[in-house]
Trainee: 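Structure in structure tokens, see below.
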Amino acid sequence: MTSDRSISLGEAIREGLLQASQRDSSVIHFAEGVDDPLAVFGTLKGFGDKIGHERMIEMPISENALTGVAIGVALSGKRPVISFQRVEFAMLALEQIANNAAKFHYVSNGQHNIPLVMRLIVGRGWGQGPEHSQSLEGMFAQFPGLKVIMPSLPEDAKGMIIAAVNDNNPVLVIEHRWNHYAVGNVPTEYYSKDIVGPKKIRNGDAVTLVATSYMTLECLRVADALSSVGVSVDLFDLRVLRPLDLEPIVQSVKKTGKLLTVDTGYRKYGIGAEIVSSIVEICFNFLKLAPIRLGLPDHPTPSSAGLIKNYYIDSIKILESLNTLIKLDRSSFEGVKKNIFNERKDIPIDVPDPFFKGPF
Amino acid sequence: MTSDRSISLGEAIREGLLQASQRDSSVIHFAEGVDDPLAVFGTLKGFGDKIGHERMIEMPISENALTGVAIGVALSGKRPVISFQRVEFAMLALEQIANNAAKFHYVSNGQHNIPLVMRLIVGRGWGQGPEHSQSLEGMFAQFPGLKVIMPSLPEDAKGMIIAAVNDNNPVLVIEHRWNHYAVGNVPTEYYSKDIVGPKKIRNGDAVTLVATSYMTLECLRVADALSSVGVSVDLFDLRVLRPLDLEPIVQSVKKTGKLLTVDTGYRKYGIGAEIVSSIVEICFNFLKLAPIRLGLPDHPTPSSAGLIKNYYIDSIKILESLNTLIKLDRSSFEGVKKNIFNERKDIPIDVPDPFFKGPF
Amino acid sequence: MAIIMKLEYEKSIELYACMQRIRLVEEAISTRYVEQEMRCPVHLSIGQEAAAAGVCLALETRDKVFSTHRSHAHYLSKGGDLRKMLAEIYGKATGCIGGRGGSMHIMDLDVNMVASIPIVGSCIPLAVGSALADSLDGRDNVSIAYLGDASVEEGVFHESANFAKLRDLPVLFVCENNLYSVYTQLHERQPDRPITALAEAHGIPTYHCDGNNVEEVYRSTLNALKNARSNKGPSFLLLDTYRWLEHCGPNFDNDIGYRTEAEFRIWKNRDPVILYKKNLLKKGILTEEDTVELKCEIQKEITAAFDFAKNSPYPDHSTAINNVYA
Amino acid sequence: MAIIMKLEYEKSIELYACMQRIRLVEEAISTRYVEQEMRCPVHLSIGQEAAAAGVCLALETRDKVFSTHRSHAHYLSKGGDLRKMLAEIYGKATGCIGGRGGSMHIMDLDVNMVASIPIVGSCIPLAVGSALADSLDGRDNVSIAYLGDASVEEGVFHESANFAKLRDLPVLFVCENNLYSVYTQLHERQPDRPITALAEAHGIPTYHCDGNNVEEVYRSTLNALKNARSNKGPSFLLLDTYRWLEHCGPNFDNDIGYRTEAEFRIWKNRDPVILYKKNLLKKGILTEEDTVELKCEIQKEITAAFDFAKNSPYPDHSTAINNVYA
Ligand SMILES: Cc1ncc(C[n+]2csc(CCOP(=O)(O)OP(=O)(O)O)c2C)c(N)n1
Ligand SMILES: Cc1ncc(C[n+]2csc(CCOP(=O)(O)OP(=O)(O)O)c2C)c(N)n1
Ligand SMILES: [Mg+2]
Ligand SMILES: [Mg+2]
């Protein structure tokens with residue numbers, strides 16, 4: 001199953017959802033503006049005409065109840081997909097998500113299944129500010145019974161969203177808005193990618209690099225820039241935050257002895273904390289240096305382009321941290337850094353990077 | 001400021017809240033049943049008569065709006081204390097907590113203060129089951145702008161709840177129901193204990209033990225049992241999850257080279273993950289063995305006394321994990337284990353332990 | 001609104017028997033709770049039997065019930081298995097969900113008791129979702145959301161009502177107004193206006209019944225069901241009733257001072273079981289001997305069910321990790 | 001309900017000038033947005049000027065306003081400083097909150113614009129809390145919660161209304177019904193019943209006005225305020241109006257197909273600014289020259305304010321970590 005057709009991750013999500021919806025008539029869609037001209041950043045574009053408008057359930061602005069309604073239809077044999085334009089809106093539905101969706105199968109002793117997909121989109125840039133650009137995956141990942149995935153690459157995104165629709169568990173799909181723009185090869189046919197484990201997307205021995213979501217793209221840039229000076233790294237796209245399978249990362253760290261994690265969300269109490277502490281537990285004797293975690297600093301996201309200048313993790317910061325582990329000679333380091341600088345050049349800090357074009 | 005008067009932590013919380021309310025007439029209380037005969041497990045008992053019933057605001061069963069209302073009065077110069085009988089009910093109010101309470105001071109560029117106290121009580125035992133006994137501190141600790149504390153010992157609890165009332169920030173006070181029963185010396189006068197840092201409650205060099213909330217009591221039992229065989233440990237009650245100050249723990253680990261964390265909540269993505277990964281980062285070269293984290297297994301809390309048999313972390317489990325770090329000889333280990341067993345003896349698994357009587 | 005209708009002889013007896021069974025079961029739980037073998041919180045329904053029986057006996061088995069923390073009566077009325085319920089309260093492997101939830105989570109797909117949820121209001125949108133699924137697929141099932149008077153204070157009730165009416169879904173909101181949320185009276189939580197006004201505001205037709213008059217409840221339910229089954233959308237039933245025992249637990253608690261003995265007595269005099277019994281005796285549908293015999297039979301069932309629950313094994317703790325994921 | 005009252009000459013001019021100012025400011029933002037120097041989402045209020053001016057000009061400075069994502073008009077009407085608003089939208093240090101929030105968080109304690117919150121419905125309970133504080137302390141301030149027609153779909157609106165009425169708090173809910181939430185029409189989100197019924201269900205008195213008639217809005221607000229200041233509790237104002245531009249951003253968007261050009265034209269013909277201008281011209285309160293002069297003055301202010309905003313420095317990124325804790 002290969003393809004040389006290139007589409008964006010946003011389009012890949014749409015194609016996966018559409019194919020899944022066409023194959024299984026029990027799939028129904030919920031969103032605020034589910035069938036409107038913009039159709040959730042285009043990801044549901046044209047669905048009504050293709051699968052029937054009656055399967056496109058317009059949500060009143062009632063996130064809590066409508067999440068409950070989606071759980072209720074899931075209890076009744078449907079496969080609801082509910083799309084939130086911002087992950088923040090799901091805060092209002094946390095009780096339904098963390099109690100009813102996450103625990104129904106457990107509490108009912110296996111009698112109930114909740115085949116629910118919740119798409120939660122993370123905003124960034126263009127002054128979105130403190131309440132439209134949070135990364136809340138660390139919060140959702142805490143609840144047993146949920147599956148939590150963050151697809152980063154187009155091919156994965158299509159296959160995993162199809163798998164999410166077919167999964168008999170509630171699956172939260174956290175999509176970073178800037179990943180939507182990443183372009184890569186995506187097979188045209190229907191296929192499913194299992195919701196398991198991290199995916200190794202670069203192979204090397206200098207260091208183990210683990211990233212989530214959009215940070216995977218920033219890491220890719222670093223990995224590829226490093227290869228120009230003959231340094232190769234094991235780069236993992238974590239993809240599945242829950243259930244968490246760290247085995248491939250364990251294997252890698254046993255080889256490299258060095259670990260850097262890069263979160264989309266806050267560094268403190270973030271995903272990286274779980275990875276680092278688990279890896280240390282298992283690989284203590286293999287580690288050559290202390291693992292490093294990167295993530296957002298400990299304050300809300302300001303709106304002003306002036307204030308976010310140093311807020312997000314980018315390839316340069318990743319390179320700098322990585323260098324404390326791999327200690328390049330000065331000229332290699334500067335060369336790689338310059339490469340990376342040149343790639344982004346003068347693109348403003350608050351708009352997505354057109355660099356991210358696959359094949360990855 | 002010492003005292004030989006012994007009261008329970010629940011009584012200490014009540015005394016602190018009452019004294020703070022009496023000194024400052026801007027303190028008002030919100031709860032479901034705020035002025036009812038049981039008065040939130042007795043912690044608000046008699047307040048209406050003492051400070052005026054008009055300062056006891058009965059909440060309709062509307063957690064989201066009433067949290068917003070409390071934030072609104074806090075914006076207006078009051079010092080609201082809102083008490084939830086179960087932390088789960090606060091899930092409905094997450095949007096208000098994580099956006100408005102946590103970010104107002106930040107977003108308003110320092111213009112607004114939110115001197116709000118939210119008391120969130122964690123249930124356990126007597127078949128409470130999956131939706132009345134969750135520990136959600138890992139979730140709340142993720143939000144910059146919140147302070148999150150978990151007092152474990154009566155003296156701290158009184159002083160810290162007074163400090164929380166006086167704090168100009170939103171402070172979430174997560175109280176474990178079983179801590180309410182712990183008895184210890186508590187000064188009668190008004191005093192405040194700063195909301196900073198972990199507190200070292202046992203001093204030693206064999207290992208660094210860090211616990212939260214009720215787990216502090218279980219650890220205390222282990223620490224004291226170990227002292228009978230001549231082993232001393234540094235035991236920290238974490239107390240303040242946010243802002244997180246790990247410096248005293250760093251110092252300790254530099255001395256002991258060994259770390260065990262014990263969470264009240266889930267092990268995975270829990271508080272221990274942040275502690276372990278931070279400590280590893282700073283103390284990598286001092287660590288003799290891989291740190292260990294303990295916490296709840298990765299499934300919801302079942303109701304049946306049969307099913308929870310192995311669910312919670314207790315002193316025996318702590319001892320066993322500790323022993324992989326300190327490697328007692330067999331007879332010391334068995335002796336300590338027996339001591340601990342004898343203390344709890346035949347108290348059923350689902351009722352609080354009367355052992356926990358101070359002075360701690 | 002009300003359809004004029006003479007209840008069939010059998011239905012009357014069924015309604016009575018159902019209420020009597022609930023009463024005796026809840027009394028037995030109350031009595032035996034001191035043994036400390038039912039190790040979970042229990043919210044008993046003594047005094048509220050008519051609201052359970054009157055609604056659920058109007059339902060078909062295929063209709064789906066969603067309930068709250070106070071669900072015993074709903075489950076029994078929906079045709080639930082007493083043994084599975086008691087075993088659940090005892091935390092046993094033979095419980096309707098194997099001891100995982102206890103009294104606050106009674107559910108049993110065999111009788112379409114789809115869920116009981118102890119978070120106030122949390123079951124309401126589930127019932128609406130169930131109704132949406134039926135509506136999309138053209139099944140004429142009705143979904144019932146039981147709620148207490150406090151539930152209408154939760155935003156989720158309004159969000160659910162708005163959506164249910166928007167799509168005219170076959171859902172019946174049944175509000176048991178027992179005047180209290182825990183120890184707090186209605187007027188301390190809600191302004192002075194009829195609860196029915198809340199549903200009407202969303203365009204939903206309402207019925208306001210004496211919730212201790214089982215025939216009135218039954219008839220209103222039939223009306224509402226007819227509406228729902230003919231695609232005319234949701235209805236809201238307000239049932240005035242009263243809980244006799246403490247909010248949570250097996251005891252009377254009038255002594256603690258949140259309600260008056262006088263108020264309690266007024267409601268006790270309107271005992272739904274006795275009222276209906278008198279009614280049926282007067283009509284000659286039942287004789288005193290019938291009622292004694294019925295009680296006897298129920299007691300036998302109860303004794304056997306308690307034996308079953310007590311003698312059942314606990315689930316093995318090693319199974320506690322199962323069924324986190326499907 | 002309506003008090004018969006002749007508006008003072010000055011008040012009429014004030015209302016007109018306020019609306020005209022809003023219109024010109026929003027148009028200037030719309031025009032200059034293409035420069036890509038206002039780097040944050042903007043939700044403009046063109047077409048809805050009367051709802052802002054009519055309410056806020058009835059307020060005292062001490063009254064407190066809580067707003068939404070669409071707050072420019074509310075801020076300007078409340079006496080806000082245009083320079084601070086534009087600087088905020090430009091992300092500058094001189095913005096009313098130093099660039100931290102941008103257009104979606106406009107707030108300024110100097111004029112008691114207490115908060116604007118972009119999460120739908122989230123500001124409503126804050127206004128109620130503010131009213132509770134005033135009520136407890138015996139101040140006769142009124143708190144205003146602005147909301148869109150979508151906000152009443154959020155449970156928090158109902159929870160807040162219930163509590164506000166329960167305690168008869170001095171709060172005024174102002175619902176600007178512009179018929180849309182983003183690209184979705186009202187009838188796709190709410191059943192066919194009056195929005196005012198929702199507030200009435202909670203026992204709250206309501207006013208339903210032509211939201212494009214600034215005097216009608218102003219008068220109803222005065223009535224509601226009188227009620228609130230004499231401890232008679234909350235009121236709910238429903239203002240029918242229309243947004244001309246796209247939901248978020250500077251452009252017209254009738255072409256994308258969620259609403260008809262015909263509908264738009266009907267509303268454009270009911271332009272609140274022009275309607276009132278004609279009214280005042282007819283009454284002889286204003287002359288054509290007055291209006292031209294006024295526009296000129298406003299344009300001068302706007303030009304200066306944009307200059308101020310553009311020339312102001314960005315906040316230093318090292319300050320981004322400040323003010324997390326008080
Ligand atoms: C969201 C939430 N808030 C609070 C509680 C605590 N609580 C449990 S039962 C109950 C009373 C509910 O009253 P009502 O709905 O009238 O039902 P009743 O107990 O009278 O049958 C409350 C407040 C809860 N379970 N869930
Ligand atoms: C809780 C929540 N859900 C969804 C959104 C996305 N959203 C932003 S504005 C808006 C429309 C709100 O419509 P309305 O309240 O009528 O205000 P209007 O935009 O028409 O002024 C929506 C749905 C949000 N900000 N918050
Ligand atoms: Mg009740
Ligand atoms: Mg609108």
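In what follows, every chain begins at residue 1, and chains take the letters A, B, ... in the order their sequences are listed.
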Trainee: Any idea which of D:Tyr314, D:Tyr90, D:Tyr258 has the most non-hydrogen atom pairs under 4.5 angstrom with chain A?
Mentor: D:Tyr314
Trainee: Can you say whether A:Val34 sits under 4.5 Å from chain D via the side chain, the backbone, both, or neither, judging by heavy atoms?
Mentor: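 It is neither, since no heavy atom gets under 4.5 Å.
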Trainee: Based on non-hydrogen pairs under 4.5 Å, which of D:Ala93, D:Gly98, D:Gly121, D:Gly99 is most in contact with chain A?
Mentor: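 Of D:Ala93, D:Gly98, D:Gly121, D:Gly99, D:Gly99 has the most heavy-atom pairs under 4.5 Å with chain A.
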Trainee: For A:Glu58 and D:Thr184, test the side chains for any donor-to-acceptor distance below 3.5 angstrom and give the result as yes or no.
Mentor: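 Short answer, yes.
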Trainee: Can you tell me which of A:Gly129, A:Pro302, A:Pro37 forms the most heavy-atom pairs within a distance under 4.5 Å of chain D?
Mentor: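 Maximum pair count with chain D is reached by A:Pro37.
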Trainee: Supply the atom-to-atom distance A:Gln128 CD to D:Cys40 SG, rounded to the nearest 0.5 angstrom.
Mentor: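 It is 9.5 Å, given to the nearest 0.5 Å.
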Trainee: Would you check if A:His299 and D:Asn322 make a side-chain contact, meaning some heavy-atom pair closer than 4.5 Å?
Mentor: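 No, every pair of side-chain atoms sits at 4.5 Å or beyond.
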Trainee: Which distance, rounded to the nearest 0.5 Å, do you find between the OG of A:Ser304 and the CD1 of D:Ile89?
Mentor: 13.0 Å
Trainee: I'd like to know whether CG of D:Asp192 has more than 12 heavy-atom contacts from other residues, nucleotides or ligands below 6.0 angstrom.
Mentor: no
Trainee: With chain D as the partner, which of A:Pro300, A:Gly33, A:Pro60, A:Pro297 has the greatest number of non-hydrogen pairs under 4.5 Å?
Mentor: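 Among A:Pro300, A:Gly33, A:Pro60, A:Pro297, the one with the most close pairs to chain D is A:Pro60.
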Trainee: Counting heavy-atom pairs under 4.5 Å to chain A, which of D:Met38, D:Met104, D:His317, D:Gln36 comes out on top?
Mentor: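 Highest number of pairs under 4.5 Å: D:His317.
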Trainee: Going through the checks in order, is the side-chain contact (heavy atoms from CB on, under 4.5 Å) test met by A:Met59 and D:Glu153?
Mentor: CA-CA 10 Å; A:Met59 277 176 64; D:Glu153 294 155 28; over 6 Å; no
Trainee: Kindly compute the distance separating CD1 (D:Ile321) from CG (A:Asn310), expressed to the nearest 0.5 Å.
Mentor: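 The CG atom of A:Asn310 is 10.5 Å from CD1 of D:Ile321, to the nearest 0.5 Å.
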Trainee: What part of D:Gln190 gets within 4.5 angstrom of chain A, counting heavy atoms only: side chain, backbone, both, or neither?
Mentor: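 D:Gln190 has no heavy atom closer than 4.5 Å to chain A.
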Trainee: A:Val351 vs D:Arg39, test: side-chain contact (heavy atoms from CB on, under 4.5 Å). Steps then yes/no.
Mentor: CA-CA 10 Å; A:Val351 298; D:Arg39 299 179 84 81; 3.9 Å; yes
Trainee: Please flag which part of A:Leu92 lies under 4.5 Å from any non-hydrogen atom of chain D: side chain, backbone, both or neither.
Mentor: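 Contact with chain D involves the side chain of A:Leu92 alone.
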Trainee: Could you tell me if the side chain of D:His105 sits less than 4.5 Å from the side chain of A:Glu131, heavy atoms only?
Mentor: yes
Trainee: Hey, does D:Ile256 have a side-chain heavy atom less than 4.5 Å from the side chain of A:Leu38?
Mentor: yes
Trainee: Go through the atoms of D:Asp316 and report whether side chain, backbone, both or neither lie under 4.5 Å from a heavy atom of chain A.
Mentor: backbone
Trainee: Which atom names give the shortest non-hydrogen contact between A:His132 and D:Pro118, and what distance separates them?
Mentor: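 For A:His132 versus D:Pro118, the nearest heavy atoms are CE1-CB, 3.6 Å.
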Trainee: Among D:Ile119, D:Val182, D:Val324, which residue forms the greatest number of heavy-atom pairs with chain A at distances under 4.5 Å?
Mentor: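 Ranked by heavy-atom pairs under 4.5 Å with chain A, first place is D:Ile119.
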Trainee: Below 4.5 Å, heavy-atom pairs only: which of A:Asp36, A:Thr301, A:Ile308 has the largest tally toward chain D?
Mentor: A:Asp36
Trainee: Relative to chain D, which segment of A:Phe89 carries a heavy atom at a distance below 4.5 Å: side chain, backbone, both, or neither?
Mentor: side chain
Trainee: Kindly check if the number of other-residue, nucleotide or ligand heavy atoms within 6.0 Å of NZ (A:Lys317) is above 12?
Mentor: yes
